[in-house]
Protein chains: 2
Amino acid sequence: MAGMWQCQVVTSASTAGAVRQGSLRELNLAVVLRRIAAADRPPSRAELAARTGLTRATVSAVVDDLIAGRLVVEAEPAPRTGAGRPARGLLLAADGPAGLGLEVNVDYLAACVVDLTGTVRHHLVRRADLRPASPADALARLAALAAEARAAAVRDGLTLAGAALAVPGLVGDGGLVRLAPNLGWRDVDVPALLAGHPLAEPVDGVPPLVVDNEANLAALGELYATAPGPRSFLHVTGEIGIGAGIVLDGALYRGARGWSGEIGHFPVQPQGRPCRCGGQGCLERYAGQEAILAAAGLPGAELPADTAATRLADLAEGGDPATLAALADAGTALGVAVAGVVNLLDLDTVVLGGGYAPLAPWLRPPVVAEISRRVLTAAWSPVTVRPAVLGAQSAAVGGATSVVRRIVDRPVGWLTRTP
Amino acid sequence: MAGMWQCQVVTSASTAGAVRQGSLRELNLAVVLRRIAAADRPPSRAELAARTGLTRATVSAVVDDLIAGRLVVEAEPAPRTGAGRPARGLLLAADGPAGLGLEVNVDYLAACVVDLTGTVRHHLVRRADLRPASPADALARLAALAAEARAAAVRDGLTLAGAALAVPGLVGDGGLVRLAPNLGWRDVDVPALLAGHPLAEPVDGVPPLVVDNEANLAALGELYATAPGPRSFLHVTGEIGIGAGIVLDGALYRGARGWSGEIGHFPVQPQGRPCRCGGQGCLERYAGQEAILAAAGLPGAELPADTAATRLADLAEGGDPATLAALADAGTALGVAVAGVVNLLDLDTVVLGGGYAPLAPWLRPPVVAEISRRVLTAAWSPVTVRPAVLGAQSAAVGGATSVVRRIVDRPVGWLTRTP
DNA sequence: CCATTTAATTCAACCGCTGAACAAATCGCG
DNA sequence: CGCGATTTGTTCAGCGGTTGAATTAAATGG
């Protein structure tokens with residue numbers, strides 16, 4: 001709201017369709033459910049009414065719908081408050097819909113199940129070098145892992161409401177992976193390759209699948225895991241490539257075609273090292289995994305991403321001079337890029353995720369230094385730089401959470417779907 | 001808070017309040033009015049009903065409200081169509097509310113009046129070197145110009161619904177100008193200095209004032225002037241400093257504190273020329289007005305912004321080698337920065353505004369070249385680079401338009417305000 | 001001149017929120 | 001132990017606003 005005074009905030013004016021009679025209930029279901037999800041302790045109907053501005057009567061009716069739809073349950077132990085009839089707390093249901101998060105990466109496959117409360121109920125990881133595997137083969141193995149996760153969810157009485165697949169590459173419309181360089185994928189049509197597998201077809205209770213970039217889903221995971229934390233931030237994922245997820249006002253910014261966040265080719269040294277992208281001096285050539293390993297004098301450029309980060313962290317912990325210097329240089333390059341982004345987008349939080357998370361103790365100081373050198377507004381309000389709270393494989397968790405988060409944001413979609 | 005009238009999509013994770021009964025009409029007023037504003041020819045009630053999904057009965061009721069509130073008029077000459085009762089076209093009223101746009105810049109003051117249809121009804125410009133003037137003096141002269149514009153609007157039967165002031169600097173909450181380096185302003189409290197002047201106090205029919213960055217308002221002006229054009233783009237304003245307005249999905253992105261768009265200190269040459277910001281090799285030192293003039297061998301670094309741009313354009317037109325080389329270098333530097341932004345935000349349109357607009361014929365080629373070199377996704381879909389359709393002083397027009405645009409986006413605010 | 005066609009209005013029905021009254025459940029005090 | 005105070009949650013008439021169909025309005029075409 002800066003730059004504005006006498007500022008009228010508009011309450012959700014959609015450019016899309018008209019607001020029909022039923023939309024009222026649809027919107028209020030979302031308002032109440034979001035409030036329940038965001039509360040730190042189970043709120044009562046009366047409290048929700050006071051907070052939202054709705055009547056207690058309306059809140060009761062809305063809550064009845066939510067309970068009937070298995071999205072909300074009443075907390076059994078009534079929390080003793082002062083005088084008066086004791087309130088019945090409302091909680092998100094832990095045994096209702098759940099989300100399935102999947103990830104295919106260079107050296108592992110992952111699947112996880114997250115319930116409506118955001119709890120990770122299952123998390124399966126299979127290490128495997130997938131670079132030699134064909135896309136069809138990799139996806140077949142992923143489907144098997146997904147079936148395993150789904151069976152575990154069913155055993156818990158959960159209903160999978162959808163699935164999200166994280167891939168390290170550019171994703172186009174319809175689940176088409178245009179390019180995933182480190183996997184060696186190009187124009188891989190994921191739904192087509194999964195045809196026949198239960199994941200791909202929305203029959204029965206089987207969910208449809210959305211495919212997204214791993215950096216995007218990791219950023220969403222961070223958003224949900226830190227709620228109510230900052231609602232706008234930059235989430236930088238350092239792997240072989242460097243990706244950024246941009247969260248603006250609580251929503252992931254995807255860009256015109258869904259390809260936002262390409263920070264790896266930010267020019268940190270325009271006359272510097274040539275890059276395979278055709279440019280020169282790209283960030284990736286200074287703060288990418290291979291560049292850091294090379295600068296630290298480590299041979300294994302073929303190391304798995306998290307192994308590489310752990311190796312570097314161990315060496316830095318031990319005070320290895322070459323590693324410390326490599327990390328300082330990488331942090332400076334990263335700081336130049338991050339400062340540029342912060343200047344452009346006026347963000348107050350930067351999250352170091354993926355392989356950068358374990359290296360944050362050494363990367364953070366140079367990043368902070370570059371920010372305070374280059375960001376003009378840093379003098380008025382500081383920029384927070386911190387490691388991601390979710391560690392590696394946060395993309396799968398973020399994807400699964402985004403599935404259930406969609407239900408919280410628009411519960412009518414779930415309510416009208418269940419028999 | 002991201003923005004003043006940023007269109008919130010209903011399904012977004014907004015913490016907004018509850019939807020009451022009256023909100024229904026409020027939202028539908030906006031839906032119908034926006035549809036009328038966006039139509040290329042005056043739509044009938046029946047057509048609006050079909051497009052929005054509302055009933056004809058509802059649309060009629062809504063339109064009655066809008067006509068009663070002087071926001072909409074019926075087009076008199078009924079456009080002859082085929083058989084059946086002829087439709088009565090609906091238009092935005094040209095004699096209802098209007099917006100006042102103001103601009104204070106280094107070498108001129110401007111005021112303009114824009115009516116609801118987006119037509120610029122009046123545009124007053126006073127050339128004056130404002131650098132020696134005190135903020136209070138500059139604002140007093142601006143207030144006189146505003147009064148003149150207001151009188152002209154009243155003569156046309158227009159009602160000013162609000163005013164927006166563009167300043168070349170960082171604007172904080174409450175209309176506080178934190179820093180406007182080229183004006184020599186620091187922590188200037190605009191509303192306080194205007195106290196007593198009719199602009200500042202919302203008495204009578206006199207509008208309240210919002211203060212905003214000139215690059216932001218210029219970008220909004222471009223958005224409205226090109227509608228229905230691209231809904232996401234980067235608008236780069238080249239003056240003494242370089243500012244960027246970021247429009248994402250039809251709304252100006254303001255950043256966490258309203259200070260987004262600082263592109264002038266994008267690192268195009270990290271080991272390059274030192275900059276007054278403390279960094280090195282900032283874009284401003286290569287593509288700012290002073291840098292271009294110096295490289296072209298022009299002495300007058302003190303030239304007014306538009307004069308400087310015109311001078312350079314004239315010289316380039318005449319084939320002056322030094323000027324052509326200076327513009328090529330500036331374009332390359334600009335292209336490096338723009339490519340970084342496009343990579344990050346996945347935008348498909350870049351607009352060269354302000355002083356860059358007349359120089360676009362020479363700046364565009366190197367910018368395009370850098371984009372195609374450095375933007376990975378450019379291969380799949382091209383990035384458009386073009387000059388701004390509004391010339392200089394577009395910020396005042398953008399500000400005035402933003403005032404009336406706010407009414408279109410939330411007509412209930414106007415309807416409940418008129419006696 | 002009348003059937004046809006499309007536009008706009010009217011009106012009873014209905015949906016969902018409101019506000020107030022009422023029932024439920026617990027605490028505090030005598 | 002009992003009764004008022006207090007707060008929660010539900011019930012119900014009322015009402016704003018949309019819906020859908022019927023009705024009126026105003027043109028074209030044979």
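Keep in mind that this is a model prediction, so the values were computed, not measured. In what follows, chains carry the letters A, B, and so on, assigned in the order in which the sequence lines appear, proteins first and then strands, with residues in each chain numbered from 1.
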(request) Nearest 0.5 Å please: distance from the CZ atom of R45(A) over to the OG1 atom of T55(A). (result) 15.0 Å
(request) Please state how far atom CG in L48(A) lies from atom C1' in dC17(C), giving the value in whole angstrom units. (result) 16 Å
(request) Drop me the distance from L100(A)'s CG to R150(A)'s CZ, to the nearest 0.5 angstrom. (result) 9.0 Å
(request) Please tell me which of the listed nucleotides, dT18(C), dG9(D), dT19(D), lies nearest to the side chain of R20(A)? (result) dT19(D)
(message) Which residue in the set T416(A), L33(A), V32(A) passes side-chain contact (heavy atoms from CB on, under 4.5 Å) when paired with P411(A)?
(response) L33(A)
Using a cut-off of under 3.5 Å, enumerate the N/O to N/O pairs linking the protein to nucleotides 10-13 of chain D.
{"unit_1": "dT10(D)", "atom_1": "OP2", "unit_2": "S60(A)", "atom_2": "OG", "d": "2.5"}

(request) Grab the CG-P distance between L27(B) and dG17(D) for me, whole Å please. (result) 12 Å
(request) Specify the residue among E47(A) and G22(B) whose closest nucleotide of DNA chain D lies further upstream toward the 5′ end. (result) E47(A)
(message) Quick check for you: among dG16(C), dT18(C), dT19(D), whose closest atom lies nearest to any side-chain atom of T55(A)?
(response) dT18(C)
(request) Taking only the side-chain heavy atoms of P86(B) (C-beta and beyond), determine which of dC17(C), dA27(D), dT18(D) contains the nearest atom. (result) dA27(D)
(message) Tell me the interatomic distance from L54(A), atom CG, to dA20(C), atom P, rounded to whole angstroms.
(response) 16 Å
(request) To the nearest 0.5 Å, tell me how far I36(B) CD1 sits from T117(B) OG1. (result) 13.5 Å
Any protein N or O atoms within reach of nucleotides 1-4 of chain C? Criterion: under 3.5 Å, listing atom names and distances.
none

(request) Please say whether more than 12 non-hydrogen atoms of neighbouring residues, nucleotides or ligands are located less than 6.0 Å from CZ in R51(A). (result) no
(message) Are the side chains of D65(B) and L71(B) in contact, using a 4.5 Å heavy-atom criterion?
(response) no
(request) For the side chain of Q21(A), starting at C-beta, report the closest nucleotide among dT19(D), dT18(C), dG17(D). (result) dG17(D)
(request) Specify the separation, in whole Å, of atom CG of L24(A) and atom P of dG16(C). (result) 9 Å
(request) Kindly compute the distance separating CG (N28(B)) from CG (L66(B)), expressed to the nearest 0.5 Å. (result) 10.5 Å
(request) To the nearest 0.5 angstrom, please state how far the CZ atom of R405(A) sits from the CZ atom of R34(A). (result) 7.5 Å
(message) At less than 4.0 Å, is any side-chain N or O atom of N28(B) found next to OP1 or OP2 of dG17(D)? Yes or no.
(response) no
(message) Measure CD1/I67(A) against C1'/dG9(D) and give the value in whole Å, please.
(response) 12 Å
(request) Could you state the atom-to-atom distance from CZ of R25(B) to P of dG17(D) in whole Å? (result) 6 Å
(message) Could you tell me if the side chain of R155(A) sits less than 4.5 Å from the side chain of H122(A), heavy atoms only?
(response) no
(message) Counting only side-chain heavy atoms from C-beta out, which of dG9(D), dC17(C), dT19(D) sits nearest to A46(A)?
(response) dG9(D)
(request) Would you indicate what S44(A) reaches in the nucleic acid, counting non-hydrogen atoms under 4.0 angstrom: base, sugar-phosphate, or nothing? (result) sugar-phosphate
